[in-house]
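Let me give you the structure first, and then I'll get to my questions.
These numbers come from the heavy atoms of this one structure, side chains and all, not from hydrogens, waters or symmetry mates. Values in this document were obtained by computation on a predicted structure and should not be read as measured data.
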Amino acid sequence: MKKSYKPIIKCDIKKSSINIITKEDKIEDCLFEGEECVINVKNIEFNGCIFKNVSFNKHPIEDTDFIDCAFESCDLSNIDIKEKLFLRCSFKNCSLVGASFIESSIKETTFFECNLKYANISCFIKNVSFINSIMTDLRLFQNKLNNVTISNCDLTNIEVYNTSLKGVDLSTCKIDGINSDIDSIKGVTTDMIGVINLARIFGVNIKL
C-alpha cells in the first residue's frame with residue numbers, strides 16, 4: 001500500500017486575511033477563509049496554512065512556496081505557477097481549470113475531487129495522488145513522475161508527451177481520446193477498454 005501524505009497543520013492556527021499580507025517572507029499557521037484574493041501574492045512562503053473557499057483566480061501568484069498547506073473548495077482557475085514548490089499539500093474540491101504548473105515541484109501532495117480540466121502541467125511530481133478528479137483535456141508535457149497515483153479520474157482527451165507513465169495504474173480511469181507519444185505510455189497499466197483507446201495511438205482497431 002502506498003503511503004498517504006497529509007499536511008502537517010497545528011490545531012490552534014489563527015484566522016487571517018490573505019489581502020493584508022505585505023512583504024513578509026514567511027506566513028505560518030494561518031486560516032484564510034471565504035475571501036477573494038485581490039492582491040498579487042509574491043515572494044512568500046506559506047507554511048502550515050489552511051485555505052477555505054478562497055478565490056485566487058484574478059491575481060497572479062509569483063515566487064511563492066506552499067508547504068504543509070490545505071486547500072478546500074478554493075478557486076485556483078487559470079493560476080500560473082512557475083518554478084515553485086508544493087510540499088505536503090492537499091487540494092480538496094478545488095477548481096484548477098486552466099491552471100499552469102511549469103518547471104515547479106509538486107511533492108507528497110493529494111488532489112481529491114478537483115477539477116483540473118485544461119490544466120497544463122510540466123513539473124517534477126513525486127509521491128502525488130490524483131483521486132476522483134476531472135482531468136479532461138489536461139496536458140502533461142515533459143514531466144518527471146515518481147510514485148504517482150491516478151485513481152477514478154476522468155482523463156478524456158488528455159495529452160501526454162515526454163512524460164513516462166511507466167508503473168502508473170489507469171485501470172480505474174476513463175481515458176477516451178487520449179493522445180500520447182508511444183514512449184510515454186510504455187509500461188502503463190489499464191483495463192480492456194483502456195487498451196482499446198491506447199491501441200488507437202498505434203493505428204490499431206480492435207474488434208470485440
Check against side chain to side chain contact (heavy atoms under 4.5 Å, CB included), Leu116 and Ser133: CA-CA 7 Å; Leu116 293 109; Ser133 293; 4.2 Å; yes
Is there a continuous path of hydrophobic side-chain contacts, each under 4.5 Å between heavy atoms, that joins Phe141 to Leu170?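 Each belongs to a different hydrophobic cluster.
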Would you say the side-chain atoms of Asp68 pair up with the backbone N or O of Gly48, donor to acceptor, closer than 3.5 Å?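 Not confirmed, Asp68 side chain does not pair with Gly48 backbone.
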For a quick test of reading the model, state the closest non-hydrogen atom pair linking Pro7 to Ser90 and the distance between them.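 For Pro7 versus Ser90, the nearest heavy atoms are CG-OG, 3.6 Å.
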Looking at Cys123 and Ile106, what are the two nearest heavy atoms and their distance?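 In terms of heavy atoms, the two residues are closest at SG-CD1, 4.2 Å.
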Would you say Ile134 and Leu138 are hydrophobically clustered, going by side-chain heavy atoms of ILVMFWY under 4.5 Å?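 No, Ile134 and Leu138 fall in different hydrophobic clusters.
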For Tyr161, does the OH atom sit with more than 12 other heavy atoms under 6.0 Å from it, leaving out its own atoms?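 Result for OH/Tyr161: enclosed.
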Please determine whether residues Ile121 and Met135 belong to a single hydrophobic cluster, defined as Ile, Leu, Val, Met, Phe, Trp and Tyr linked transitively by side-chain heavy-atom distances below 4.5 Å.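 Yes, same cluster.
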Is the shortest side-chain N to carboxylate O distance from Arg139 to Glu159 below 4.0 Å?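 Yes, Arg139 and Glu159 are salt-bridged.
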Backbone of Thr136 reached by a side-chain donor or acceptor of Asn157 within 3.5 Å: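 No; zero donor-acceptor contacts below 3.5 Å.
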Ignoring hydrogens and angles, write down the donor-acceptor pairs under 3.5 Å from the side chains of residues 185-195, residues two or more places apart or on other chains.
residue	atom	partner	partner atom	Å
Lys186	NZ	Asp183	OD1	3.3
Asp191	OD1	Ile193	N	3.4
Asp191	OD1	Gly194	N	2.8

Any side-chain heavy-atom pair from Leu76 and Cys94 closer than 4.5 angstrom?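 Yes, close enough: below the 4.5 Å cut-off.
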Drop me the distance from Thr109's OG1 to Arg88's CZ, to the nearest 0.5 angstrom.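 Separation between the atoms: 9.0 Å.
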When you look at Ser73 and Asn93, which way does the side-chain hydrogen bond (donor to acceptor under 3.5 Å, both in side chains) test go after all the steps? CA-CA 5 Å; Ser73 301; Asn93 191 34; 3.2 Å; yes
Can you tell me if Lys107 has over 12 outside heavy atoms packed within less than 6.0 Å of its NZ?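 Atom NZ in Lys107 is not packed in, count stays at 12 or less.
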With the side chain counted from C-beta on, respond yes when Ile131 and Asn152 share a heavy-atom pair under 4.5 Å apart, and no when they do not.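 Of all side-chain heavy-atom pairs linking Asn152 with Ile131, none is under 4.5 Å.
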Write down the atom of Cys49, the atom of Ile27, and the distance for their closest heavy-atom approach.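 Closest heavy-atom pair between Cys49 and Ile27: SG-O, 3.5 Å.
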When rounded to the nearest 0.5 angstrom, what is the spacing between SG in Cys30 and CD1 in Ile9?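 The CD1 atom of Ile9 is 11.5 Å from SG of Cys30, to the nearest 0.5 Å.
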With side chain to side chain contact (heavy atoms under 4.5 Å, CB included) as the test, would you mind laying out the steps for Ser164 and Leu145 before giving the verdict? CA-CA 7 Å; Ser164 176; Leu145 308 185; over 6 Å; no
For Glu35 and Asn19, what are the C-alpha separation, side-chain angles and deciding distance, and is it a side chain to side chain contact (heavy atoms under 4.5 Å, CB included)? CA-CA 9 Å; Glu35 61 179 335; Asn19 293 308; 3.4 Å; yes
Spell out, as yes or no, whether a donor-acceptor pair under 3.5 Å connects the side chain of Ser184 to the backbone of Ile182.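 Side chain of Ser184 to backbone of Ile182, a donor-acceptor pair under 3.5 Å: no, none is there.
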Where does the angle between the aromatic ring planes of Phe32 and Phe51 fall among parallel (under 30°), tilted (30 to 60°) and perpendicular (over 60°)?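 Aromatic pair Phe32/Phe51 classed parallel.
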Check whether Thr149 reaches the backbone of Ser129 with its side chain - one donor and one acceptor, N or O, closer than 3.5 Å.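 No: the side chain of Thr149 does not pair with the backbone of Ser129.
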Donor-acceptor contact below 3.5 Å, side chain Asp65 vs main chain Leu85: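 Answer holds: yes.
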Rounded to the nearest 0.5 Å, what separates atom CG in Leu140 from atom CG in Asn179?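 It is 12.0 Å, given to the nearest 0.5 Å.
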Verify, without hydrogens or angle tests, whether Asn120 (side chain) and Ile102 (backbone) share a donor-acceptor contact under 3.5 angstrom.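 No, the answer is negative, given that no donor and acceptor are paired below the 3.5 Å cut-off.
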Drop me the distance from Ile81's CD1 to Thr64's OG1, to the nearest 0.5 angstrom.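 Those atoms lie 7.0 Å apart.
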CZ of Phe101 to CD1 of Ile79: how many Å apart, nearest 0.5 Å?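 Reported to 0.5 Å precision, the distance equals 6.0 Å.
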Which one of Phe112, Phe71, Phe130 satisfies the side chain to side chain contact (heavy atoms under 4.5 Å, CB included) criterion with Phe91?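 By the side chain to side chain contact (heavy atoms under 4.5 Å, CB included) criterion, Phe91 pairs with just one of Phe112, Phe71, Phe130: Phe71.
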Taking Glu103 first and then Lys82, would you say they form a salt bridge - that is, a charged N and a carboxylate O separated by under 4.0 Å?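 No.
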Are Lys42 and Asp63 close enough for a salt bridge, meaning some N to O gap below 4.0 Å?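 No, this pair does not count.
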Heavy atoms only: give me the nearest Glu28-Lys14 pair and the separation to one decimal.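 Between these two residues, the closest heavy atoms are O-NZ, 3.3 Å.
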Does a donor on one side chain sit under 3.5 Å from an acceptor on the other, for Asn115 and Ser95?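 On atom types as modelled, these side chains do not qualify, holding no pair under 3.5 Å.
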Val168 and Val128: same hydrophobic cluster, using ILVMFWY side-chain contacts below 4.5 Å?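 As far as the 4.5 Å side-chain criterion goes, Val128 and Val168 are connected within one cluster.
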For the atom pair OG1 (Thr163) and NZ (Lys144), what is the distance rounded to the nearest 0.5 Å?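 It is 11.0 Å, given to the nearest 0.5 Å.
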Could you tell me whether Lys10 atom NZ has more than 12 heavy atoms of other residues or ligands within 6.0 Å of it?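 Atom NZ in Lys10 is not crowded, with 12 or fewer foreign heavy atoms closer than 6.0 Å.
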When clusters are formed by joining ILVMFWY residues with side-chain heavy atoms under 4.5 Å apart, either directly or through shared neighbours, do Phe111 and Leu165 land in the same one?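 Same hydrophobic cluster.
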Nearest heavy-atom neighbours spanning Thr110 and Tyr5: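 Scanning both residues completely, I find the closest heavy atoms to be OG1-O, 3.9 Å.
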Nearest heavy-atom neighbours spanning Cys173 and Leu155: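 Of all heavy-atom pairs spanning Cys173 and Leu155, the closest is CB-CD1, 4.0 Å.
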What verdict does the salt bridge (Lys or Arg N to Asp or Glu O under 4.0 Å) test give for Glu45 and Lys26, after you've listed the backbone C-alpha separation in whole Å, the side-chain angles of each residue and the deciding distance to 0.1 Å? CA-CA 5 Å; Glu45 177 188 308; Lys26 192 171 184 179; 3.7 Å; yes
Any donor-acceptor pair under 3.5 Å linking the side chain of Asp137 with the backbone of Lys117?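 Between the backbone of Lys117 and the side chain of Asp137 there is no qualifying donor-acceptor contact (under 3.5 Å).
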Anything under 30° is parallel, anything over 60° is perpendicular, the rest tilted; go ahead and classify Phe46 against Phe66.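 Judged by the thresholds at 30° and 60°, the geometry between Phe46 and Phe66 is parallel.
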